[in-house]
Every structure is written in structure tokens, then in C-alpha cells.
There are 2 protein chains.
Amino acid sequence: MPVTRGRPRAFDRDEALRRATELFWERGYETASIADLTAAMGIRPPSLYAAFGDKRALFDEVVAGYKATASPVMEEALAAPTAREALDRLLHALADDYTDPSHPPGCLVISAAVNVADGDVRASLRADREASKAAIADRIAADAGRLDEGTDPKELATFYAAVVQGMSTQACDGASREELHAIATSAMRAWPARP
Amino acid sequence: MPVTRGRPRAFDRDEALRRATELFWERGYETASIADLTAAMGIRPPSLYAAFGDKRALFDEVVAGYKATASPVMEEALAAPTAREALDRLLHALADDYTDPSHPPGCLVISAAVNVADGDVRASLRADREASKAAIADRIAADAGRLDEGTDPKELATFYAAVVQGMSTQACDGASREELHAIATSAMRAWPARP
DNA sequence: GTCTTTCCGTAACGACCACTACAGAAAGAA
DNA sequence: TTCTTTCTGTAGTGGTCGTTACGGAAAGAC
């Protein structure tokens, strides 16, 4: 049975994880040092290592938690009756999310991935992005009947994935919520509707 | 008079700068260490500091050289007779450039900028990107008569800037030249042509 | 040749990196 | 109370960071 034995933890693990998420989100994987992290989390290095393993494991847990909160947004948007409406919802939902003042701007998986020297972390984040792109492609392919003939769902998914990445980068550069919605609206004009 | 006195430099400064450019392009500013740079440049740290100042000055020179070779591409594209053709040319030219096998993928200014802890470097690169965006907005505004009424040139420029950033990120993720051209073609469908 | 100037390689500087050995503190169990 | 277990803070570990002091080497000037 999981009775608590020994000295109890003096900090809130979830709260510490939240603060680590925020720092990784702002600074990326490598430029957020253990000293920075422990300062933000309000704990000392041994507590971090005891509770989370090492820096890489902490980052993995952060990304897992991020995906857990981000994927419902994506799933809900993609559940729209048509692929066009699904993409429209997704882009505008992300415009809101990327500029939500309650957390750092942009997408953690997109912005924390660029310029990461650690090959494992790099590959892991790339796989996450590829998975999102595949989910978009699947949603488009499932509604292929409404598309202009000759439209390749994977090609179109690549375009919208690029738009999402561009929105994230713009958000990190300080773009406003209105500007991101304008990007989303412009991107939807590129939808290849069957005439 | 600039007569060469003392022991002559034993390496080609331009070639060393080229190799530094390649490394910064692949790894970004902070994750490319002096040890990495000197190894790639084939010189020892004191030679680097004597020839280029410090890491930051070397990076500035790299970015300046990069912009010097990149801006003609942009200027030529934007010189097209219509704004629409200008953007079309620009996007497809960048699709070729970002996947040119003779140098690292994507755009140095875009990819080296994300997750930079150094505030000065970050601000400097952001200013470069804003300048490109402004150039696009100016070209669009100059051809406003051909646009759909109610189109905001700055808004449209933000969209195409986001597409360019997305293309760069996709290129870094290993997207092929064909995929990038497909993104460019899709993005041009969003052009707000006057009916 | 000798002097001056500039570059080169060696070998280090202090500061920071991710990470941890260790001892004391705080809890339940006996 | 005493023992065991687990967490805590202090104070480090070896390694790497950007940067440089220093002495020898290679050139023109005299």
C-alpha cells in the first residue's frame, strides 16, 4: 500500500512542474539551466533530481503535460463536420491559444525544438510535430470528396502545418491576437473548395 | 599606408567566415560553441578572437554576410510588375533557397533566432525579420489598386511572413523542395485578387 | 643580421553547466 | 524513545563555456 513514509515533500510537485513548463516554454530546452529551473520552481537541485529524475526526464514530463492539455483543443477542432471547418476552427483556436496571456506565447513543441543540440530531444519533438501534421492530413483525407479535384491531402496538411508554425513564431515575436486571427483568415482563403 | 607588416595570417579569413556561417546556420547562436567554431574553421581560439573580435561580433558578421547574399533574392522577387507576382516569385525562390543542398536548410535569421537567451542577439534578429516583413508590406501597399477592397497590406504581409517562417521551419524539419513549392502554391491561393 | 610587428599554439582563467555526496531534519513505525 | 525512511540544504564533483596571458614563430624594415 502506498502509505507515505519518511519526511514528506515540502513543495507541490504539480506546481513545480507548472513553473518548469513555463521556463522551458520561454527559453527552450538547453538555454533553461538547472539553476534557472530550481530558482523558478522554488526548490534546490537535489529535490528536482529526486522528484523528476534528471533534466531530460523533467523536460519529457513537461512536454507530455503540454500535449495532454493541447491535444483536446486539436481534437475538438478536427471533430468539425467538414475538413474546411475543422481547419478554420483549429487555426483560430490556436490564434487564441498562442496569445493567451496566462502562459508564454507560441507553441512549446514548435519553439523549444529549433536549435536544440541534443539529438534525442530534437528527434522527439520533431516526431510530435509530424504526428500533428499527420492528424491534419487524415482529417483532410476523410473529407476529400469536398475538395477540389487533384488536391493532395498531405500537401495541403503540409501547408497548414507551415501556417501553424509561422503563427507560433509570429506569436513569439510579439504578434497580437488580432494579427494571428488575420493570418488564420488569410490561410483559409487558400482552401481548395470544389467549385 | 596599409602595407602588411608582421607575421601574415595563416588561414583564409573569408573561408573561415563561411565555415562559421555554416555552423551558426545549423546550430544557432548559443549552441554553437567556440570550440565547435574553431574546429570547423580550422583555427585556434586566439586566431578567432584576433580576426573577428568575440563570438557576438563573429555572429554579427555572419548575419551581415548572410543578409548581403539573401537580400538580392528578395529585391529581385519584389521587383516584379505586380505585388501578386512579386510574392509568388519570392515564395518559390525561397522554396529553392531553403532546400539548396549547398548550405544548411531554412533561413539563418529565422532559425537561429528562436530560443536565444541573449537578449541583444534576439532583438537584433527580430529587427531583421520585421524589416523583411515591412518590405513585403510596402510592396503590397504599392499595388493596393489590384487588391480586393478592404485588404490591409500589413495584415497580408504578416500572413506571408508567417508562411515564409513556416517554410523555413519545415525545411529544417527535412521537408523536400517539392513540398516547399507546394506550400508556396497553396499560399498564393490566399491572394485577395480584385474580382 | 637585428628590430619591430603581428600571428600562432599552448595552456590556462573564472564562471557556469548538469549533477550528486553527505549530513541533518522531519515524518511514520516500533 | 528509538529506528527507519525520505526529503532538505550545503557544498561540492568533473566538465565545458567564452575568453585571454604568454612565449615562440614568421614576416617586413633597417
Every protein N/O within reach of nucleotides 20-27 of chain D N/O, cut-off under 3.5 Å:
unit_1: D:dG24; atom_1: N2; unit_2: B:R7; atom_2: NH1; d: 3.4
unit_1: D:dA25; atom_1: N3; unit_2: B:R7; atom_2: NH1; d: 3.3

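Residue A:R56 contributes atom CZ, which lies 15 Å from atom P of C:dA18 at whole-angstrom precision. Rounded to a whole Å, the CD1 atom of A:I43 is 15 Å from the C1' atom of D:dT6. Summarising the geometry, the separation between CG on A:L48 and P on D:dG9 is reported as 12 Å, rounded to the nearest angstrom. Rounded to an integer number of Å, the gap from A:I34 CD1 to D:dA11 P is 20 Å. Distance CZ (B:F52) to C1' (D:dG18): 16 Å, rounded to an integer number of Å.
A close approach under 4.0 Å does not occur between any side-chain nitrogen or oxygen of B:S47 and OP1 or OP2 of C:dC7.
Among the heavy atoms of the strands lying under 4.0 Å from B:A10 are primed sugar atoms or P, OP1, OP2 only; no base atom is included.
In terms of the salt bridge (charged side-chain N to carboxylate O under 4.0 Å, His left out) criterion, B:D138 has no residue partners (sequence neighbours excluded). With sequence neighbours left out, B:R139 forms a salt bridge (charged side-chain N to carboxylate O under 4.0 Å, His left out) with no residue at all. Under the rule for a salt bridge (charged side-chain N to carboxylate O under 4.0 Å, His left out), B:R9 has no partner lying at least two apart in sequence or in another chain.
The B:S33 side chain lies nearest to D:dC17 when the options are D:dC7, C:dC8, D:dC17. Checking D:dG9, D:dG18, C:dA18 against every side-chain atom of A:R44, the shortest atom distance belongs to D:dG9.
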Listing, residues 180-190 of chain A side-chain donor-acceptor contacts under 3.5 Å, not counting sequence neighbours, or none:
unit_1: A:H181; atom_1: ND1; unit_2: A:H92; atom_2: ND1; d: 2.8
unit_1: A:H181; atom_1: NE2; unit_2: A:D96; atom_2: OD1; d: 2.8
unit_1: A:T185; atom_1: OG1; unit_2: A:H181; atom_2: O; d: 2.9
unit_1: A:S186; atom_1: OG; unit_2: A:A182; atom_2: O; d: 3.1
unit_1: A:R189; atom_1: NE; unit_2: B:A190; atom_2: O; d: 2.7
unit_1: A:R189; atom_1: NH2; unit_2: B:A190; atom_2: O; d: 2.9

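Looking at every heavy atom in both residues, B:Y29 comes nearest to B:F24 through O-CE2, 3.7 Å.
Near-neighbour residues of DNA chain C inside residues 15-23 of chain B, defined by a heavy atom below 4.0 Å, are absent.
A:F159 and B:F159 have perpendicular rings, their planes meeting at more than 60° on a 0 to 90° scale where under 30° would count as parallel.
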